[in-house]
Chemist: 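Pasting a structure below so you can have a look.
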Amino acid sequence: MNAPTPRPLDARTPTDSPQATREPVTTREPVTTREPATPAPRTAADPPRAPLRVTLCRDPREFQALGPQWSALHRRCRTATPFQSHAWLHSWWRSYGTGGRLRLLLVRRGDTLVGAAPLMLVHRPLPVLVPLGGQISDFFDVLLDDDCADEVAAALVRGLDRLARTCVVDLREVRPGGAAERVHRLWPGPRRRMDDSVCLELPVAPLPELMERLPSRNARRFRAKLRKIESLGIEERAVPAQEVPHAVDNLLRLHGMQWRGRGVTPEHLRPRFAEHLVRATRQMVRDGDAVLTEYRMDGRVVAADVTLMSAELAGGYLYGADPQLRARKVDITTMLLRHDARQATESGRRVLSLLRGTEPYKQHWRPETVTNQRLLLAGRGAGPLLALYVAAVEGRRRAGETLHRQLPALRRLRARLNSLRADGAGR
């Protein structure tokens, strides 16, 4: 099925012609802080603002050139997460994108980028607009300039309404309170809201304060674990941007070692993921949006982790640890959490996210449960298309839940079959 022919996105909007998609980027404003500026209230004496202009970018070359403007907008959007940074999304596109599928909806006021929806077109088999970032990104959102968020959201809705005339928009992993909620509320056509992945979060505080959340017996146990880490002389080192490629190689090697035989995520061992993580982390370290930390013992790197950051949120994304640490009774989660809590506190973030998943080791810290949202939209004439798509989504969800319930029995059956085969070979 071919991609739908692009249309003008509103009365003042150029189509995604080559002239529109190659509009030169002129704004290169330096950014000195991660905190979004508080907009000054407007008065009747203020001069009128330039009108908003909505364009559709399908050209990867323009996507690359958007870097400075995109980064400036990312810093002016309070709800943005690290997964909406230009460094993360453009690197992801280079590793995972498919030619001809890029759909970046952009809103400008004059030469300034004030809104963006990073999407791409896929066929499942229906045509669907989905977020850039895929399954390796824990959150999705659109970007809205805090100074004019409602106005820009309305402009994005107008453009997206034109773009979605013959397809469904499936915005997965939207964090509660995200800017995409404004788009969903303003949507003029059929829409649905569903639960998506479960995430866990802690308030930002030094580790001693986080321990106050725990029962006294558990807190004593974790203090003993901290003393063990300190007694081994484990040292932390922030990796500079120029050393990121080598450090990421080390991290992924340790990650594979720690999960060997225990169900490692296959994507984390693939070359395209390594290339993406090197590119994105190197740029995000330069921009102050990530910290790559190595943990050394006796002069040797025994663990490494990547923490991604936006204006309000810090989240430990991926780590790797030498199995020998566990053999020496080192609680790796406590070691990493101590670092991440200190980093988030010193940098002024509000939320320490443990990202997606409810693994038991995360639950020890009594985190808050936050459920991401799945926001589904369709054009005003595409209600039946949305209903068909929702039915397929719910069918896959029910099938997955059934399989999850049956997994223990399937594992027991596999173990029994392996035992019978071993008995047969012994005879």
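Residue numbers count from 1 along this sequence.
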Chemist: Indicate yes or no for a side-chain donor-acceptor contact from H86 to the backbone of F63 under 3.5 Å, with no hydrogens or angles considered.
Modeler: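 Checked: pair present.
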
Chemist: What are the two closest heavy atoms between A303 and L325, and how far apart are they?
Modeler: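 It is CB-CD1, 4.1 Å.
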
Chemist: Please check if the side chain of D287 supplies one atom and the backbone of D289 the other of a donor-acceptor pair under 3.5 Å.
Modeler: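 Pair absent, no side-chain N/O of D287 close to backbone of D289.
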
Chemist: Give the C-alpha distance, both sets of side-chain angles, the deciding distance and a yes or no for salt bridge (charged side-chain N to carboxylate O under 4.0 Å, His left out) between E173 and R356.
Modeler: CA-CA 10 Å; E173 308 296 1; R356 290 178 297 182; 3.3 Å; yes

Chemist: When you compare the side chains of R349 and S310, does any donor N or O come within less than 3.5 Å of an acceptor on the partner?
Modeler: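 No donor-acceptor contact under 3.5 Å links the two side chains.
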
Chemist: Looking only at non-hydrogen atoms, find the nearest pair between V393 and M194 and report the distance.
Modeler: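 Looking at all heavy atoms of both residues, the closest pair is CG1-CE, 3.8 Å.
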
Chemist: May I ask you to say whether D331 pairs ionically with R326, meaning some side-chain N is under 4.0 Å from a carboxylate O?
Modeler: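 The answer is no: the pair does not qualify as a salt bridge.
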
Chemist: What's the shortest heavy-atom distance between P118 and L104, and which atoms?
Modeler: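 Closest approach of P118 to L104, heavy atoms only: CA-CD2, 3.7 Å.
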
Chemist: Please determine if D196 and R172 form a salt bridge, counting it only when a charged side-chain N lies under 4.0 Å from a carboxylate O.
Modeler: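 Answer for the salt bridge query: yes.
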
Chemist: Closer than 4.0 angstrom, basic N to acidic O: yes or no for R237 and E235?
Modeler: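 Salt bridge absent between R237 and E235.
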
Chemist: Distance only, no hydrogens: is a donor on one side chain within 3.5 Å (strictly under) of an acceptor on the other, for E181 and Q373?
Modeler: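 There is such a pair between these side chains.
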
Chemist: Say whether, by atom type as modelled, one donor and one acceptor occur between the side chain of D249 and the main chain of A274 under 3.5 angstrom.
Modeler: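 Side chain of D249 to backbone of A274: no pair is present.
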
Chemist: Has H276 got a side-chain atom pairing as donor or acceptor with S95's backbone, closer than 3.5 angstrom?
Modeler: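 No, the answer is negative, given that no donor and acceptor are paired below the 3.5 Å cut-off.
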
Chemist: Would you name the heavy atoms of A247 and E294 that are closest together and state the gap between them?
Modeler: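 What the structure gives for the nearest pair is CB-OE2, 3.5 Å.
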
Chemist: If I compare all heavy atoms of K362 with all of L355, which pair ends up nearest, and what's the gap?
Modeler: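 Answer, listing the atom of K362 first, then L355: NZ-O, 3.9 Å.
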
Chemist: Begin with the C-alpha distance, continue with both residues' side-chain angles, and end with the deciding distance and a verdict on side chain to side chain donor-acceptor pair (under 3.5 Å) for E394 and Y389.
Modeler: CA-CA 9 Å; E394 291 180 338; Y389 187 75; over 6 Å; no

Chemist: Hey, are R270 and E275 close enough for a salt bridge, meaning a charged N less than 4.0 Å from a carboxylate O?
Modeler: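 Looking at E275 together with R270, the answer is no, because their closest N to O distance does not fall below 4.0 Å.
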
Chemist: Classify the ring geometry between H339 and Y295 as parallel (under 30°), tilted (30 to 60°) or perpendicular (over 60°).
Modeler: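 Ring orientation, 0 to 90° scale: perpendicular.
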
Chemist: Would you give the length of the straight line joining atom CG of L386 to atom CG of D170, rounded to the nearest 0.5 angstrom?
Modeler: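 These two atoms lie 9.5 Å from each other.
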
Chemist: Evaluate W92 against F83 for ring-ring contact (aromatic ring centres under 6.0 Å, His included), listing each step before the verdict.
Modeler: CA-CA 10 Å; W92 182 91; F83 301 101; over 10 Å; no

Chemist: How far apart are the C-alpha atoms of T307 and D340, what are their side-chain angles, what is the distance that settles it, and do they pass the side chain to side chain donor-acceptor pair (under 3.5 Å) test?
Modeler: CA-CA 7 Å; T307 303; D340 290 350; 2.9 Å; yes

Chemist: Between CZ of R101 and CH2 of W93, what distance do you get to the nearest 0.5 Å?
Modeler: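 The CZ atom of R101 sits 8.5 Å away from the CH2 atom of W93.
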
Chemist: Does the distance from a Lys or Arg side-chain N to an Asp or Glu carboxylate O, for R182 and E151, drop under 4.0 Å?
Modeler: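 Looking at R182 and E151, the cut-off is not met.
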
Chemist: Take K225 and E230 through the salt bridge (charged side-chain N to carboxylate O under 4.0 Å, His left out) test and state the conclusion after the steps.
Modeler: CA-CA 9 Å; K225 292 176 178 180; E230 291 165 359; over 6 Å; no

Chemist: Side chains of Y96 and E267: do they bring a donor and an acceptor to under 3.5 Å?
Modeler: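 Checked: Y96/E267 side chains pair up, N/O donor to acceptor below 3.5 Å.
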
Chemist: Can you tell me if W70 uses its side chain to pair, donor with acceptor, with the backbone of Q84 under 3.5 Å?
Modeler: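 Judged by distance alone, yes, a pair lies under 3.5 Å.
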
Chemist: Once rounded to the nearest 0.5 Å, what's the spacing between atom OH of Y361 and atom OG1 of T334?
Modeler: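 Here the interatomic distance stands at 11.5 Å.
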
Chemist: Hey, is the main chain of R279 close enough, under 3.5 Å, to the side chain of S91 for a donor-acceptor pair?
Modeler: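 Flag not set: sc S91 to bb R279 has no pair under 3.5 Å.
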
Chemist: Please report the interatomic distance CG(L251) to NE2(H268), rounded to the nearest 0.5 Å.
Modeler: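 NE2 of H268 is found 10.0 Å from CG of L251.
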
Chemist: Decide, yes or no, whether a salt bridge links E312 with R350 under the criterion of side-chain N to carboxylate O below 4.0 Å.
Modeler: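 Answer for the salt bridge query: yes.
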
Chemist: With a 4.0 Å cut-off, would you call D146 and R78 a salt bridge?
Modeler: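 No salt bridge links D146 with R78.
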
Chemist: For the residue pair D195 / T371, report whether a side-chain donor-acceptor contact shorter than 3.5 Å exists.
Modeler: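 No.
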
Chemist: Within a reach of under 6.0 Å around CZ of R328, are more than 12 heavy atoms found that belong to other residues, nucleotides or ligands?
Modeler: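 No.
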
Chemist: Output, in order, the C-alpha distance, side-chain angles, deciding distance and verdict of side chain to side chain donor-acceptor pair (under 3.5 Å) for H74 and S85.
Modeler: CA-CA 6 Å; H74 184 253; S85 69; 5.3 Å; no

Chemist: Check this for me, if you would: do D322 and R300 make a salt bridge, where the nitrogen-to-carboxylate-oxygen distance has to be below 4.0 angstrom?
Modeler: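 Yes.
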
Chemist: Once rounded to the nearest 0.5 Å, what's the spacing between atom CZ of R75 and atom CG of D145?
Modeler: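 The distance works out to 14.0 Å.
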
Chemist: Is it true that a side-chain atom of R296 and a backbone atom of V301 form a donor plus acceptor pair closer than 3.5 Å?
Modeler: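 Not at all, since once roles are kept as given, no pair shorter than 3.5 Å links the two residues.
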
Chemist: So, applying side chain to side chain contact (heavy atoms under 4.5 Å, CB included) with L129, which one of V122, L105, L121, L171 is it?
Modeler: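 The option that passes is L121.
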
Chemist: For the aromatic rings, using the six-membered ring if either is Trp, is the centroid distance between Y317 and W88 under 6.0 Å?
Modeler: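 Under 6.0 Å, so yes.
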
Chemist: Whether the side chain of S71 engages the backbone of P68 through a donor-acceptor N/O pair (distance < 3.5 Å, no angle test) should be reported.
Modeler: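 Not at all, since once roles are kept as given, no pair shorter than 3.5 Å links the two residues.
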
Chemist: Does this structure show an ion pair linking D141 with R175, if we count only N-O contacts that are shorter than 4.0 Å?
Modeler: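 Judged by the 4.0 Å cut-off on N to carboxylate O distance, D141 and R175 do not form a salt bridge.
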
Chemist: Checking S137 side chain against F139 main chain: does a donor-acceptor pair fall under 3.5 Å?
Modeler: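 Checking the backbone N and O of F139 against the side chain of S137, no donor-acceptor pair under 3.5 Å is found.
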
Chemist: Where is the tightest heavy-atom contact between V107 and A155, given as atom of each residue plus distance?
Modeler: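 For V107 versus A155, the nearest heavy atoms are CG1-CB, 4.0 Å.
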
Chemist: Within the side chain of R191, is there an N or O that forms a donor-acceptor pair under 3.5 Å with the backbone of H184?
Modeler: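 Confirmed, R191 side chain pairs with H184 backbone.
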
Chemist: In terms of side-chain heavy atoms, does T112 have a donor or acceptor partner in Q69 at a distance below 3.5 Å?
Modeler: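 Side chains of T112 and Q69: no pair found under 3.5 Å.
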
